[in-house]
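Just below is one structure, and these are the notes that go with it.
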Amino acid sequence: MAKHSSILFEDAIIVTMDPRRRVIEGGSILVEGDRIAEIKGPDKRSEKAEQRISAKGMAVIPGLVDTHLHLAQSLLRGCADDLSLVEWLRERVWPIQGCFTEDDGRVSAQLSMLEMIRSGTTSFVGVDVVSRYGFDGIAESVVKAGLRGALAKTIMDSPGYGRKGSIMPAGLVEDKEACLREAKSMVKKWNGIRGGLVRTWLAPRSLGGCSRELYEEVAELAKEQKTRVTMHLAEVKEDVRYAKQNFGLTPFEFIEKVGLAGPRSLFAHMVWLTDNDVKRVGDTKANVAHCPSSNLKLASGIPKVPELLAAGANVGLGCDGAPCNNSYDMIRELKIAAVIQKGRLLDPLTMPASAVLEMATIRGARAMGMESQVGSIEVGKKADLAFVDLRKPHLTPFRDIVSNIVYSAMGSDVDTVLADGRLLLRHGKALTLDEEEIVGGAQRRQDELISRSGVRA
Ligand SMILES: [Zn+2]
């Protein structure tokens, strides 16, 4: 859709996620250019639109926000299943990723984004972008796809890792000066381009991958360049042992000490937190990316999400990557996020459907620093919308549409997606990326990667 053109979506069930969490049945949304210009109830009709699209039988939700995913991992789908974490990283994920060419990095990013678009995600934080994946190719792909992507450049100065015996293969190791130099040039070249569609963040590696001084330097650099920071933290028990042994602190206490805890930081996983850590996460207004499938599949543990929310922390949702979740489908993640907490706390009232959808929308937007722009359907906000087709046996009937979306829907129920006012998906067909080419070439590319890496998978 060209800028300044207008399109009216009529007769939808609008799940606004606005401050009053209104749901408007039979409502219409007028999109003008990249923004939502009007939202009306069933009794009012807008006359202004150049194009009208019936959304009868559809629920429209804010475009979903995935706060933690690895763009370079969709090509590793099926390569590292049912393994313990150290084996998973050391024997599969790292050796294969250490053989990536820039072309693999670009194609893997496109495959990931295609899946996101088809399942209603319009904004994401792509973590751990190392140089060999080719930053320019990935950033250009984000622009081509039409998504909002925060690309977080890996920062490291040690090939080690907090987890016992985990040393990265040479192909993934970068030295400190090169990381920082590239991060600076990447911020200069890409941050905020295309009206903010591409943003650049810093991603210091997990504990053990950076020296104490480097974490402090990243905190300074982020302040200086006004960029945001994301990292994996307290993901497995081993991280707690490492932090205690090396710093005499918990992982979060250490991160607070080096100046990285705060509202501009986003920490993935946060499974192993003390009660005091939970309180400090809330007090510092740090953001958390909760990745329930990944935590369960890798047997990392179950984070204290309701406790974090009660402490005032902001928690978003993330798919993580293909080797640890096997999909980039945020709608599948909703149900898991709800049910694991009920099971953990033996409390069916905890994590209701509405709280989970908040994590995938408005809270995710806050975690990305974009709450005033996206994450809810409100007049003046960017037109990032996902239409879920309800005319299916598993989605009908309903009393509370949010419940049906969280507990019954699947990513493949998404029919139409807009981001920044641009149609990215229509009747399940991707409009900005070449699905045939990307899907058609993925198997050959994975076969070649595995044979180059020498991994037996
Ligand atoms: Zn991750």
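Order of appearance sets the numbers: ligands from 1, and atoms from 1 within every ligand.
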Examine [X] and say whether one of its N/O/S atoms is closer to the Zn ion (ligand 1) than 2.8 Å.
X	result
His269	no
Asp128	no
Cys324	no
Cys291	no

Can you classify the ring geometry of Phe254 versus Tyr215 as parallel (below 30°), tilted (30 to 60°) or perpendicular (above 60°)?
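Rings of Phe254 and Tyr215: perpendicular, over 60°.
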Given side chains that start at C-beta, do those of Met270 and Val305 come closer than 4.5 Å, heavy atoms only?
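No, side chains not in contact.
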Apply side-chain contact (heavy atoms from CB on, under 4.5 Å) to Thr361 and Val65, showing your working.
CA-CA 6 Å; Thr361 55; Val65 183; 5.7 Å; no
In His70, the N, O or S atom nearest to the Zn ion (ligand 1) is which?
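Of the nitrogen, oxygen and sulfur atoms in His70, the Zn ion (ligand 1) lies nearest to NE2.
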Among the N, O or S atoms of Asp320, which one sits nearest to the Zn ion (ligand 1)?
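Checking each N, O and S atom of Asp320, the shortest distance to the Zn ion (ligand 1) belongs to OD1.
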Rounded to the nearest 0.5 Å, what separation is found between the CZ atom of Phe100 and the CG atom of Leu172?
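If we round to the nearest 0.5 Å, Phe100:CZ and Leu172:CG are 9.5 Å apart.
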List in chain and number order the residues that pass salt bridge (Lys or Arg N to Asp or Glu O under 4.0 Å) with Asp157, two or more places apart in sequence or in another chain; answer none if no residue qualifies.
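With neighbours one apart ignored, the set is empty.
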Using a 6.0 Å cut-off, check whether atom NZ of Lys176 has over 12 heavy atoms from anything other than its own residue.
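Enclosed: over 12 neighbouring heavy atoms sit under 6.0 Å from NZ of Lys176.
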Rounded to the nearest 10°, what angle sits at the Zn ion (ligand 1) between NE2 of His68 and NE2 of His232?
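Output for this angle: 90°, rounded to tens.
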